[in-house]
Amino acid sequence: MGYDEFYRQSVEEPERFWGEQARLIHWEVPPQQILDASKLPFRRWFVGGTTNLCYNAVDRHLADRAEQLALVAISTETGRTDEVTYRELHREVNRFAAVLKSLGVGKGDRVVIYMPNMAEAVYAMLACARIGAIHSVVFGGFASHNLALRIDDAEPKLLICADAGMRGGKVIPYKPLVDAALAEAKAPPPHVLIVSRGLDKDMRRVEGRDLDYATLRDQFMDAEVPVTWLESNEPSYLLYTSGTTGKPKGIQRDVGGYAVAMAMSTRMVFDIGPGQVMFSTSDVGWAVGHSYNVYGPLIVGATSLLYEGLPTNPDPGIWWRLCEQYKVRTMFSSPTGIRVLKKQDASWLKCADLSSLKWLFLAGEPLDEPTAHWITEGLGVPVIDNYWQTETGWPALTLMPGLELKPVKWGSPGLPAPGYRMKVINEVTGQEAAPGEKGVLVIEPPLPPGCLTTVWRDDQRYIASYFSHFKELLYSSLDWAIRDADGYTNILGRTDDVINVAGHRLGTREIEESVATHSAVAEAAVVGVKDELKGQVPVVFATLKQGVTATSEDAARGMQQAVTEQLGAVARPARIYVVNALPKTRSGKLLRRSLQALAQDTDPGDLSTLDDPNALEEVRKALQRGPDLGS
Ligand code: AMP
């Protein structure tokens, strides 16, 4: 069957289609109903079926592929490589699950995981899944305030962290950030479980609260922890993501729908089946890491490569040598990762035998044409741009070489994935946009399996954030898009205040709040400004309180430090401008879009609602003068 027929069936006969796909996974009790769409925008897939993500990812493969590699965790930072077979993975996950149980963690309890790309992060996630605990992995690049916000929302029973991460040869201690987050959090968990790699020699431990994983693991070397079977719609994990407010949303995923979406998409989109090797360069803390470093490849019985390190260390050939060494079939990275390599000599792309490599998938941010051309020519394999969101959990727009490779069109992430009934809607009329006309990309509910089921403990926020933008009940992606006559869609950027820095999604409001914690700051506006390497970077415009004696440069330095300490280096402003006034509407709303346009030297748009024209002049002058910090 080709793509067209596969897709048609998925949207026209969803119950038959997904009923068939459901056979790709193990059900302890088969589903009684494939789809319950009686309470849209909520929907339940595979109602009454019971299953378990860990069982499907690990136990199920013991019969046929116990000695095959399941996970290869490579760190070019620590120099360590863990090659883990399915048998060993099963053992480690059982040990980890036993430790979790000994700490009183059980079904429905939340566990926050704050670790870099290391094998134990995968064990921890799978151990949670095994016992029905709900994991919430927080990206290691986030700092204490971000961590505290997530802790307070998830109210975890346990926090698992590494002693430290490493970047570019530098140790980044995690534990002080955890301590600061727990001091700030209103709902700190009673215990912190530390997986130490011996990187932070001065690590401070809080007596009674902080526990050492290695010591506890020793007590459970032979433990067998039975799988907890979960109804398909029970929560499996939370993944927090930024939106327009300062408070991140807990994207909630189910069990059965997610497992089926992973089993189908890993095969049909990423062309990976049992015994084949997939290398995703994502961090486990992102949606891609969850789906295609952990659950997808393991559910299909493949080998997953997990990488901690820079793409250029020890040299820019490292990814390709790993492809050769492990016979990688499908590689998955981000446009920023490739742009980093593009700054290096193109000959590095030829340093290894890439005969096993079939596809390079890139996602997370727009893929610019020069980068797409450079890497396609350099590698000589098709490069497949795919579009998705933390919310969808797997590609919504893509080509599907595992099924049929439709032609690649530069600049477009392709066609809707199975089950996604996508439209482009004119924002003003609410009507479907004509081919070539810009509009908002939406999905007609029910959302396919694998997509979010709700926002953690906040059904109203799920509706308000995603389904309240149009008269018709439609999921808004909050992305502008344009579709051509063949159905290929191009993504034109966010409709909200979310920015995308090196493929990392950040809320400008979160950064503004952080800047404003600096004692000199009266008010701050943050916008995303185009950047050749990272796609976008955060740029701050701030006014200072009256009577502040610090120089603009010192104040700007303090703001940058506040952001780095509270949110992490990913959110660090690239430039800071101290100004006397910020442009606002008469009703007091910040004109972020105009600010962004001025900073990018484009048309600031409709200024009829501007309250004080001098404020805009101020910004123009500041831009001419140059930033108080950054360049
Ligand atoms: P995240 O939730 O962090 O995965 O970010 C999702 C957002 O990243 C989307 O709403 C888009 O704005 C952007 N994005 C993801 N993939 C692509 C892509 N292939 N092309 C353009 N933008 C993308």
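Everything quoted here is computed from the prediction, not taken from an experiment. Remember, it's 1-based here, ligands and their atoms both numbered in the order they're listed.
Here's the thing with A363: none of its N/O atoms is less than 3.5 angstrom from an N/O atom of ligand 1.
Looking from atom 5 (O) of ligand 1 to the surrounding protein, the closest heavy atom is R505 CD, 3.5 Å. Protein heavy atom closest to atom 4 (O) of ligand 1, with residue, atom name and distance, is T390 N, 3.5 Å. Atom 10 (O) of ligand 1 has D479 OD2, 2.5 Å as its closest protein atom, hydrogens excluded (heavy atom only). The protein non-hydrogen atom at the shortest distance from atom 17 (C) of ligand 1 is E365 N, 3.5 Å. From the protein, the heavy atom lying nearest to atom 16 (N) of ligand 1 is G364 N, 3.2 Å. With hydrogens left out, the protein atom closest to atom 6 (C) of ligand 1 is W388 O, 3.6 Å, a heavy atom.
Those atoms of ligand 1 that come under 4.0 Å of a heavy atom in I491, given as number and element, are 21 (C), 22 (N). When each atom of ligand 1 is checked for a heavy atom of N386 under 4.0 Å away, the hits are 16 (N), 18 (C), 19 (N). Proximity to N500 (heavy-atom distance under 4.0 Å) selects the following atoms of ligand 1: 8 (O), 13 (C).
Taking the six-membered ring for Trp and the full ring otherwise, the centers of W394 and Y420 sit less than 6.0 Å from each other.
A salt bridge is defined here as a Lys NZ or Arg NE, NH1 or NH2 lying under 4.0 Å from an Asp or Glu carboxylate O, and R505 with E391 meets this definition.
At least one cation-pi condition fails for R253 and Y295: the charged atom is not both under 6.0 angstrom from the six-membered ring centre and inside a 45 degree cone around its axis. Geometrically, K406 does not engage Y3 in a cation-pi contact defined by less than 6.0 Å to the ring centre and at most 45° from the axis.
Here atom 19 (N) of ligand 1 lies nearest to D385 when heavy atoms of D385, D368, T495, L492 are compared.
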Going through the checks in order, is the side-chain contact (heavy atoms from CB on, under 4.5 Å) test met by Q560 and R572?
CA-CA 6 Å; Q560 192 171 55; R572 191 195 346 251; 3.4 Å; yes
For W286 and F139, what are the C-alpha separation, side-chain angles and deciding distance, and is it a side-chain contact (heavy atoms from CB on, under 4.5 Å)?
CA-CA 7 Å; W286 301 115; F139 170 54; 3.3 Å; yes
Please lay out, stage by stage, how E510 and R150 fare under the test salt bridge (Lys or Arg N to Asp or Glu O under 4.0 Å).
CA-CA 13 Å; E510 290 162 47; R150 285 154 175 78; 5.0 Å; no
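If you run side chain to side chain donor-acceptor pair (under 3.5 Å) between Y387 and each of T398, T392, D479, only D479 comes through.
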